[in-house]
Amino acid sequence: MTTVDLSTNIAGVALKSYLMNASGPKCTTWEELEVVAQSASSAIMTKSCTMEYREGNPEPRYSDLPLGSIQSMGLPNLGYKAYLEMVPRLKALGKPVIVSISGFSIKENIEMVSAFQKSDVDLIEVNFSCPNIPGKAQVAYDFEQVESALAALTVLGDKPIGIKLAPYFDMSHFIAMATILNKFPVKFITCVNSIGNTLIIDPETESPIIKPKGGFGGLCGDYIKPVGLANVRAFRELLDDDVQIIGVGGIKNGVDAFEYLLAGADAVQIATCFEKEGEGCFKRIEDELTAFMVKKGYTQLSDAKNKLKPL
Ligand code: SIN
């Protein structure tokens, strides 16, 4: 049988396949992370952590939608020290470990990045784009703050640092952000986070369908795939070649993953589909991607990566 080599790497960290879990659903507790390790996800990515344990936002804070979901989780997590202590056990599960951190200030991010720089994690993803913390703006939309934060965070050690970005919608924003990213040794970006502050109303109850922030939450899933693809594409064209891109947003089958490959993604993350389907999604999507590439006559990711054809 023809086979396709789906192996890739991010910042020199070898990944057995193109797909991994996103920092989002089902990656907060040890038990959940163990399930990710046993799945076909090529890495173990943790939920974004904060300085202290967080319960997160009040329920209901997640709702499935026909084409995805809306959520305002509010960063429920065990606190960064718990993940730091977990690192040796996570590493022993045999896959690259990526920690996601989401401090509420540059100072907090410095403390957490410094701590993980001294650990055995493989990659550090700094989340600049959670839209769900009442009173806290998304750093990714504040270009000056992004620049100050990167100046501080990229000098703390040798472990590769990546940034999880919010979706952008204007060419001027892609250019402004890429110009900043190109000034620093950022090794990868992950784009996109959910589209923040969207509102779904139930006309029967005449209320929003989630409680936090008056019903405003991050839109996920199929709804955001065109936005994710455009962000990956724009950044691939604007960033230096040595900045890699992890695509995320609405990937629920092998063809979706293939489209992200054409747009230029070096790897992809699965969030909503993992939430809805469970860990079997990684193997299913991997098999579907393989089958689609076989049909096209492709044998490795580089046959199609960043090869979107102009019309
Ligand atoms: C959340 O926990 O509210 C979602 C995380 C994120 O959007 O980064």
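All ligand and atom numbering here is 1-based and tracks the order in the structure.
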Please state which part of Lys164 comes within less than 4.0 Å of ligand 1, counting heavy atoms only: side chain, backbone, both or neither. neither
Atoms of ligand 1, numbered as shown, that sit under 4.0 Å from any heavy atom of Gln71: 1 (C), 3 (O), 4 (C)
Is Gly74 in polar range of ligand 1, meaning some N or O pair under 3.5 Å apart? yes
Flag, side chain of Asn127 to backbone of Ile101, donor-acceptor distance under 3.5 Å: no
Check this for me - ligand 1, Ser194, N or O atoms closer than 3.5 angstrom, yes or no? no
Check: Ser72 N/O within less than 3.5 Å of ligand 1 N/O: no
Proximity of Ile133 to ligand 1 by residue part, where a heavy atom lies under 4.0 Å: neither
Check ion pair Lys225-Glu259 (N to O, under 4.0 angstrom): yes
Any N or O of Lys47 that comes nearer than 3.5 Å to an N or O of ligand 1? yes
Are Lys296 and Asp303 ion-paired here, with the side-chain N under 4.0 Å from a carboxylate O? no
Flag Leu75 as yes when one of its N or O atoms lies below 3.5 Å from any N or O atom of ligand 1, and as no otherwise. yes
Can you name the atoms of ligand 1, numbered from 1 with element, that are less than 4.0 Å from a heavy atom of Asn132? 1 (C), 3 (O), 4 (C)
Atoms in ligand 1 with a heavy atom of Pro131 nearer than 4.0 Å: 7 (O)
Side chains of Tyr80 and Glu111, donor plus acceptor under 3.5 Å: yes
If you measure from the Lys or Arg side-chain nitrogens to the Asp or Glu carboxylate oxygens, is any gap between Glu32 and Lys47 under 4.0 Å? no
Tyr141 vs Phe128, ring pair (Phe, Tyr, Trp, His ring centres under 6.0 Å): CA-CA, chis, key distance, verdict: CA-CA 9 Å; Tyr141 290 133; Phe128 280 176; over 10 Å; no
Do the rings of Phe143 and His173 sit parallel, tilted or perpendicular, given the 30° and 60° boundaries? tilted
Quick test: of every protein heavy atom, which one is nearest to atom 8 (O) of ligand 1, and how far off is it to 0.1 Å? Asn127 ND2, 2.7 Å
What I'd like to find out is whether the side chain of Ile10 reaches to under 4.5 Å of the side chain of Leu123, using heavy atoms alone. yes
Can we say Glu237 and Arg233 salt-bridge, meaning some charged N sits less than 4.0 Å from an Asp/Glu carboxylate O? yes
Has Ser48 got any heavy atom lying under 4.0 angstrom from an atom of ligand 1? no
If I apply the N/O under 3.5 Å rule, does Asn193 come out as touching ligand 1? yes
